[in-house]
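Written below as structure tokens is the structure these notes are about.
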Protein chains: 2
Amino acid sequence: MTFSEENYLKTIYHLTWVSDADISTNAIAEKMETKASSVTDMLKKLSEKDLVNYVKYQGVSLTDKGKLAAKMIVRKHRLWECFLVEKLDFSWDEVHDIAEQLEHIKSEELINKLDDFLGNPTEDPHGDPIPDANGRIIKVEKQLLSEFEKNQIGICVGVKDTSSDFLKYLDKQEIALGSQIEIMEKESFDSSFRIRVGTKEITISNKIASNLYIK
Amino acid sequence: MTFSEENYLKTIYHLTWVSDADISTNAIAEKMETKASSVTDMLKKLSEKDLVNYVKYQGVSLTDKGKLAAKMIVRKHRLWECFLVEKLDFSWDEVHDIAEQLEHIKSEELINKLDDFLGNPTEDPHGDPIPDANGRIIKVEKQLLSEFEKNQIGICVGVKDTSSDFLKYLDKQEIALGSQIEIMEKESFDSSFRIRVGTKEITISNKIASNLYIK
DNA sequence: TATAATTTTTAGGTTTGTCTAAAATTTAAT
DNA sequence: ATTAAATTTTAGACAAACCTAAAAATTATA
């Protein structure tokens with residue numbers, strides 16, 4: 001499997017994770033910053049290899065084989081992110097691009113040994129679940145902070161947006177995985193929130209609240 | 001820089017390490033298991049980028065720029081080998097192919113953090129020197145065991161051949177980096193050696209002795 | 001020093017993954 | 001239910017990195 005094929009599978013997997021329906025050519029093209037015609041070419045190739053179910057003009061979905069392959073790539077990506085943050089002292093906003101490269105290293109033994117070395121983590125530094133060697137994922141039920149009501153209290157367990165900008169913003173506000181968050185006030189005008197993080201009280205926009213997972 | 005370009009630079013670097021003269025197209029082709037015509041294509045490209053000095057029909061050498069680039073690839077390869085052996089518990093005969101992939105990961109910060117994480121090692125698991133972040137290499141004078149005379153004693157500090165077969169043979173004979181080796185007898189007929197490794201006495205062929213570095 | 005053998009390069013072709021532009025299909029709107 | 005708009009696919013091209021076969025240059029040999 002080539003890097004490119006792996007990237008397409010991963011993208012389709014991520015798009016499926018949020019939408020569930022069949023994925024459109026354009027959606028893939030946009031996510032991968034490429035052209036629709038390139039996507040079509042690749043879908044034919046992946047279909048030929050039984051990694052996706054593809055019907056012309058009708059969108060695409062992963063086969064069981066394709067889904068497992070995608071999960072293995074995601075597994076690698078997230079384990080490497082753990083390694084970078086926990087062992088090499090990178091911060092959570094710096095690891096994505098490097099993990100994007102490391103996820104393509106081909107060696108099952110390597111990834112399983114890395115898994116053990118890290119103590120078999122179940123979540124990456126952004127709170128996303130890490131598939132095990134068989135592709136099994138432990139899903140933790142979590143809600144977006146934006147869905148919380150006044151006076152509710154929860155623990156920050158993940159971020160939806162993993163962009164460097166968003167993560168740096170959270171660092172500045174001293175919001176990290178494990179932080180206790182209490183809704184003090186919900187502003188109906190702009191749907192912003194007044195929240196307490198630990199001992200500090202801050203105001204965050206709805207956009208921020210829509211990208212924080214709480215349990 | 002592409003994977004392929006990096007592999008050519010690395011190969012030219014390794015060939016230069018042993019021969020010192022300009023490197024021939026065929027030598028590169030043989031080492032990389034590719035065709036001479038492919039090598040010619042790439043040499044033109046590398047020359048265009050000022051990474052090699054290339055004159056048609058006259059062989060090739062690395063420019064300063066090319067040499068530094070090659071050293072950085074070797075640095076990555078050897079640091080990753082240390083990681084695999086010391087942290088992930090791979091044996092020294094299993095790491096080459098994986099390091100061959102990892103050496104192409106692009107991130108200076110990553111490799112420098114990995115270096116620190118490993119305690120800034122100066123040699124890889126086969127006793128080969130690791131260039132520092134500036135490309136500087138600490139050369140340790142070492143001789144081939146085959147050049148030793150009767151009754152001389154030394155410590156095994158490296159292997160010339162790093163093939164899995166050779167390394168497994170050494171494991172079987174309980175010869176490792178750090179092992180004390182004493183020449184008991186040198187057989188003039190076939191240039192084989194009777195040596196003492198720790199407390200054991202064994203016989204090794206000249207081919208084996210020609211691939212063990214001793215200090 | 002001619003000629004033979006070897007090495008190296010050139011010429012032209014293939015595959016992978018991309019692109020643009022045009023054609024086909026589907027979806028939305030009047 | 002047509003027509004318009006958007007999406008998707010096809011057709012044809014291109015760059016990277018490889019290949020084979022033939023030509024050119026170098027080296028070895030008689």
Side-chain angles (χ1 to χ4, degrees), chain A residues 1-13 15-16 18-62 66 69-70 73 100-101 103-106, chain B residues 1-13 15-16 18-62 66 69-70 73 100-101 103-106:
Chain A
M1 188 128 57
T2 65
F3 278 31
S4 197
E5 287 171 345
E6 290 190 345
N7 284 332
Y8 275 94
L9 284 184
K10 190 183 59 167
T11 300
I12 297 167
Y13 178 80
L15 289 171
T16 305
V18 295
S19 95
D20 228 25
D22 278 14
I23 306 304
S24 75
T25 302
N26 261 7
I28 297 169
E30 192 175 350
K31 192 99 186 272
M32 299 188 73
E33 298 182 51
T34 182
K35 301 294 164 177
S37 55
S38 307
V39 175
T40 301
D41 284 349
M42 184 55 88
L43 292 184
K44 282 185 199 162
K45 195 175 162 195
L46 294 175
S47 178
E48 202 62 43
K49 291 190 176 189
D50 263 318
L51 292 162
V52 300
N53 305 114
Y54 169 60
V55 183
K56 263 196 202 179
Y57 293 106
Q58 304 301 309
V60 73
S61 65
L62 294 171
I73 301 160
E100 202 89 322
Q101 297 180 63
E103 73 190 4
H104 299 294
I105 301 294
K106 276 152 193 74
Chain B
M1 189 128 60
T2 66
F3 280 30
S4 198
E5 287 172 344
E6 291 190 343
N7 284 333
Y8 275 94
L9 285 184
K10 190 183 59 164
T11 300
I12 297 167
Y13 177 80
L15 289 170
T16 305
V18 293
S19 93
D20 228 24
D22 277 15
I23 307 302
S24 76
T25 302
N26 261 7
I28 297 168
E30 192 174 352
K31 192 98 186 271
M32 298 189 72
E33 299 181 54
T34 183
K35 301 293 163 176
S37 56
S38 306
V39 175
T40 302
D41 284 350
M42 183 56 87
L43 292 183
K44 282 185 199 162
K45 195 177 162 195
L46 294 174
S47 178
E48 202 62 43
K49 291 188 176 190
D50 264 317
L51 292 162
V52 300
N53 304 114
Y54 169 61
V55 182
K56 262 196 205 181
Y57 293 104
Q58 303 302 312
V60 73
S61 64
L62 293 172
I73 300 161
E100 202 90 323
Q101 297 181 62
E103 73 190 4
H104 299 294
I105 302 294
K106 277 153 193 72

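Reminder, nothing fancy here: chain letters follow the sequence lines and each chain counts from 1.
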Atom pair NE2 (B:His104) and CD (A:Gln101), whose distance is rounded to the nearest 0.5 Å: 11.5 Å
Euclidean distance, atom CD of residue A:Glu33 to atom C1' of C:dT18 [Å, nearest integer]: 15 Å
Check whether more than 12 heavy atoms from other residues, nucleotides or ligands sit under 6.0 Å from atom NZ of B:Lys35, and answer yes or no. no
Using a heavy-atom cut-off of 4.0 Å across all strands, would you classify B:Phe3 as base, sugar-phosphate, or nothing? nothing
Base of D:dT20, side chain of B:Ser37 - is there a donor-acceptor contact under 3.5 Å? yes
Between C1' of C:dT8 and CG of B:Leu43, the distance in whole Å: 10 Å
For A:Tyr13 and A:Ala70, the nearest pair of non-hydrogen atoms, with its separation, is CB-CB, 3.6 Å
Which nucleotide in D:dT10, C:dC19, C:dT18 has an atom nearest any side-chain atom of A:Lys35: C:dC19
Selected nucleotide, minimal atom distance to B:Thr2 side chain, candidates D:dA16, D:dT10, C:dC19: D:dA16
From B:Thr16 atom OG1 to B:Leu9 atom CG, the distance as rounded to the nearest 0.5 Å: 10.5 Å
Give the rounded distance in Å between these two atoms: CD of B:Glu48 and P of D:dA16. 11 Å
Between atom CG in A:Asn26 and atom C1' in C:dT27, what is the gap in whole Å? 13 Å
From A:Ile28 atom CD1 to A:Leu43 atom CG, the distance as rounded to the nearest 0.5 Å: 5.0 Å
Tell me whether B:Thr40 contacts the main-chain N or O of B:Ala36 through its side chain, where contact means a donor paired with an acceptor under 3.5 Å. yes
What contact category does A:Thr40 fall into here, base, sugar-phosphate, or nothing, at under 4.0 angstrom with non-hydrogen atoms? base
Examine the base of D:dT9 for any acceptor or donor lying under 3.5 Å from a partner atom in the side chain of A:Thr25, and report the outcome as yes or no. no
If the cut-off is 4.0 Å, is B:Lys56 near the phosphate of C:dT10, judged by side-chain N/O to OP1 or OP2? yes
Between A:Ser4 and C:dT16, does any side-chain N or O lie under 4.0 Å from OP1 or OP2? no
For DNA chain C, whose closest nucleotide is more 5', that of B:Ala27 or that of A:Tyr8? B:Ala27
Could you please name the option among C:dT18, D:dT9, C:dT8 that lies closest to any side-chain atom of B:Tyr54? C:dT8
Expressed in angstrom and rounded to an integer, what is the separation of A:Met42 atom CE from C:dT16 atom P? 10 Å
Rounded to the nearest angstrom, tell me the gap between atom CD1 in A:Ile23 and atom C1' in D:dT7. 15 Å
Side chain of A:Tyr57 only, please: which of C:dT10, D:dA16, C:dT26 is the nearest? C:dT26
Does A:Lys44 have a side-chain nitrogen or oxygen under 4.0 Å from the phosphate oxygens OP1 or OP2 of D:dT10? yes
To the nearest angstrom, how far is A:Leu46 atom CG from D:dT9 atom P? 13 Å
B:Asp22 CG to C:dT8 P, straight-line distance once rounded to whole Å: 12 Å
Would one find a side-chain N or O of B:Thr34 under 4.0 angstrom from OP1 or OP2 of D:dC19? yes
